[in-house]
**Q** 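One structure follows; several queries about it will come next.
Whatever order the structure lists ligands and atoms in, that order sets their numbers, starting from 1. The residues of the chain are indexed from 1 along the displayed sequence.
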Amino acid sequence: MSTPATLRELINTDLRGAKFIAVSNREPYVHSRVDGEITCSRPAGGLTAAMDPIMRASGGVWIAHGSGSADAETADASGRIAVPPEKPSYTLRRILIDDKLHQEFYNGLANGGLWPLCHIAFTRPIFRPRDWESYKRVNQIFADAVLEEAGDGPEPAFVFIQDYHFALLPRMLKDRNPRLIVAQFWHIPWPNREAFRAFPWKEELLDGLLGNDLLGFHLRYHCTNFLETVDRNLECLVNPEQFNVVRNGGTTLVRPFPISIDYDAHQAIASSEVAEKETAWWREQLNLQNSGVGFLGVGIDRIDYTKGIPDRLLGLDLFLEQNPEYRSKVQFVQIGVPSRVGIGEYQALNAEIDETVEYVNKRWSTNGWSPIVFYRRSFNLNQLIGLHKLAHFCVVTSLHDGMNLVAKEYVASRLDNTGVLILSRFTGSARELHDALLVNPFAIGEIAEAIATAVRMSHAEQNHRMLNMRRSGAEHNIYDWATKILTTLFRFNRWTHEIDDDTEEEAESL
Ligand code: GDG
């Protein structure tokens, strides 16, 4: 198993002193001015949660959009600030972008176009030409910053790009500095080639991605979808057996790297006094001692239509209808972190969640008990872990999700090997956590049935399932994910432009 130390060693030896430059839209630390005071917060989201420990180990530079109201004044003149604030170990370089430009890039093309295109959640994507222009412009601004950080000295630089906000960046970088080693991880699914037909600027987007030496997805299935999409749309050589694409003399390896969490760090918090205190806080906050509630369920998500939050609440409603003996015995806490609120579909979803919470609570509430407690706000990690520890079951009902880290975090917090995970089959996590109760999230009846199974499950069965899931969680941590990406690149031997035998063998075993 990899650790921060083994990852650091790998970077120092195999990366041969290359600069480590990460790129993402979202920054890991946001400075805001609230009532005259400057505060620093960590945004909710899978990508920043996963990348921060890797950057701590690499000691490199992370280039990201500076979104906080006090971001400029807390960084130096070129946007650089040492982070984490409490114990600096790497540099965050903030890119400040005009609001309108960022809005068209982020809410427009990235989240209004690519996000729904890549997820099967039956929300239609919207592609506005001006958003595409802004997407190109922002990719260009980031390319300038990366090239500046990489410098033009003889030492190599490794650029690790995150996600669908920067599909054009790899080609922009390679065109201007072919010596750069460029890898990208696409944190969301890649659609099948039929769905991708809707995208208006196919050739440019795919060519941009083929500027990468390595392109990673969570699942093999997403890799296959990508290779088929490229084959259908571009002049190039697609090698489905070797999982690579050759275009204009350059090779892009396409590989699955299922992402994970910092499992040990998570467990360490879960076993600390801090977590105990947070658990006690939740017990009091929810008035669990006096309420007669015997089972607590939890859902934690960004408020996003891919996460299936209304479906989950309706699943709980059906469970209460079908299992009257559990009314007033089961309480469900849903945490929903506001996300992308500038987009119409997200505003509609917020209204739908409010209506559903009200409908279910009105239907079943009695004597001070309401089945759903909904918090539309974020909590810090310690508070989330405190809640995981208290919850008898956790419900993840994403309609489609590249991986889903919440499922893995719940498992990591369950130190006593109890608790039940109800998990959508349409998450990447479902491919690893076989001992969860797997459900089709579109089928509310299956969610109701899974809740019924969870509250009736014996301790012995909980132990058996949770132990298996915890074993799998402990085997694949976030450092393994980064290590696999880096070793695949080294094997590919980008420095000599050769694909070695190991790489061929590895592709055959995929
Ligand atoms: C994308 C892909 C993929 C949630 N509430 C709070 C909070 N969170 C944290 C969770 C978890 C993260 O946010 C959410 O991660 P997910 O994986 O569930 O989902 P996305 O944000 O959609 O992430 C996803 C991921 O990228 C990584 O590749 O798994 O498929 O869609 O870590 O704990 N964090 C804090 N307060 C909250 O209230 N601090």
**Q** Regarding Arg283 and Thr279, do their side chains bring together a donor and an acceptor under 3.5 Å, going by distance alone?
**A**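 Thr279 and Arg283 do not have a side-chain donor-acceptor pair below 3.5 Å.
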**Q** Flag the pair Trp282 / Phe379 as yes when their ring centroid distance falls below 6.0 Å, and as no otherwise.
**A**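 Yes, ring centres under 6.0 Å apart.
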**Q** Quick one: does ligand 1 sit under 4.0 Å from the side chain of Leu384, the backbone, both or neither, non-hydrogen atoms only?
**A**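 It is the side chain that gets close, since no backbone atom is under 4.0 Å.
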**Q** Can you confirm whether or not the ring centre of His165 sits under 6.0 Å from the ring centre of Tyr135?
**A**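 No - the distance between ring centres of His165 and Tyr135 does not fall below the 6.0 Å cut-off.
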**Q** Look only at interatomic distance and state if Asp301 has a nitrogen or oxygen under 3.5 Å from any nitrogen or oxygen of ligand 1.
**A**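 No, there is no polar N/O contact under 3.5 Å.
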**Q** Between His388, Arg42, Lys307, flag the one that comes closest to atom 19 (O) of ligand 1 by a heavy atom.
**A**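 When every heavy atom of His388, Arg42, Lys307 is considered, Lys307 comes closest to atom 19 (O) of ligand 1.
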**Q** Run the numbers for me: atoms of ligand 1, each under 4.0 Å from some heavy atom of Val406, listed by number.
**A**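 Under 4.0 Å from Val406, ligand 1 has these atoms: 10 (C), 18 (O).
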**Q** Numbering the atoms of ligand 1 from 1, which are under 4.0 Å from a heavy atom of Ile300?
**A**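 By the 4.0 Å cutoff, the relevant atoms are 4 (C), 5 (N).
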**Q** Looking at Arg56 and Asp52, does any basic side-chain N land under 4.0 Å from a carboxylate oxygen?
**A**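 Looking at Arg56 and Asp52, the cut-off is met.
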**Q** Between Trp62 and Tyr29, is the ring centre distance below 6.0 Å?
**A**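 Here the rings of Tyr29 and Trp62 have centres that are no less than 6.0 Å from each other.
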**Q** Can you list the ligand 1 atoms lying under 4.0 Å from a non-hydrogen atom of Gly402?
**A**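 So the atoms of ligand 1 that pass are 30 (O).
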**Q** Show the atoms of ligand 1 that are less than 4.0 angstrom away from any heavy atom in His218.
**A**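 So the answer, numbered in order with elements, is 3 (C), 28 (O).
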**Q** Look only at interatomic distance and state if His187 has a nitrogen or oxygen under 3.5 Å from any nitrogen or oxygen of ligand 1.
**A**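 There is such a contact, yes.
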**Q** Applying a strict 4.0 Å limit to heavy atoms, is Gln383 in contact with ligand 1?
**A**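 Checking ligand 1 against Gln383, which is what was asked, there is no heavy-atom contact under 4.0 Å.
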**Q** Measuring from the heavy atoms of Trp115, does anything fall under 4.0 Å of ligand 1?
**A**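 Heavy atoms of Trp115 do come under 4.0 Å of ligand 1.
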**Q** Is there any N or O on Phe379 that sits under 3.5 Å from an N or O of ligand 1?
**A**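 Yes, since at least one N or O of Phe379 sits under 3.5 Å from an N or O of ligand 1.
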**Q** Please check if the number of heavy atoms outside Arg8 that lie under 6.0 Å from its CZ is greater than 12.
**A**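 Counting other residues, nucleotides and ligands, CZ of Arg8 exceeds 12 neighbours.
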**Q** Less than 6.0 Å separating the ring centroids of Tyr263 and Trp481?
**A**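 That pair fails the under 6.0 Å test.
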**Q** For atom 32 (O) of ligand 1, which of the options Lys408, Glu409, Gln162 provides the nearest non-hydrogen atom?
**A**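 Of the listed residues, Glu409 has the closest heavy atom.
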**Q** Assess the pair His102 and Phe105: is the distance between their ring centroids shorter than 6.0 Å?
**A**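 Yes, ring centres under 6.0 Å apart.
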**Q** Is it the side chain (CB and beyond), the backbone, both or neither of Val337 that lies under 4.0 Å from ligand 1, heavy atoms counted?
**A**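 Contact part for Val337 vs ligand 1: side chain (C-beta onward).
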**Q** Using a strict cut-off of 4.0 Å, indicate which atoms of ligand 1 neighbour a heavy atom of Arg302.
**A**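 Checking each atom against Arg302, I get 20 (P), 21 (O), 22 (O).
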**Q** Only heavy atoms count here, so choose which of Ile259, Leu381, Leu405, Thr306 is nearest to atom 16 (P) of ligand 1.
**A**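 Considering heavy atoms of Ile259, Leu381, Leu405, Thr306, the nearest to atom 16 (P) of ligand 1 sits in Leu405.
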**Q** So, regarding Ser378 and ligand 1 (criterion: nitrogen or oxygen to nitrogen or oxygen, under 3.5 Å), is there a contact or not?
**A**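 It does not: no N or O of Ser378 is found under 3.5 Å from an N or O of ligand 1.
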**Q** I'd like to know whether CZ of Arg376 has more than 12 heavy-atom contacts from other residues, nucleotides or ligands below 6.0 angstrom.
**A**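 Check passes, neighbour count above 12.
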**Q** Considering non-hydrogen atoms only, spot the tightest contact between Arg302 and Ile309 and give its length.
**A**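 Closest approach of Arg302 to Ile309: O-CD1, 4.0 Å.
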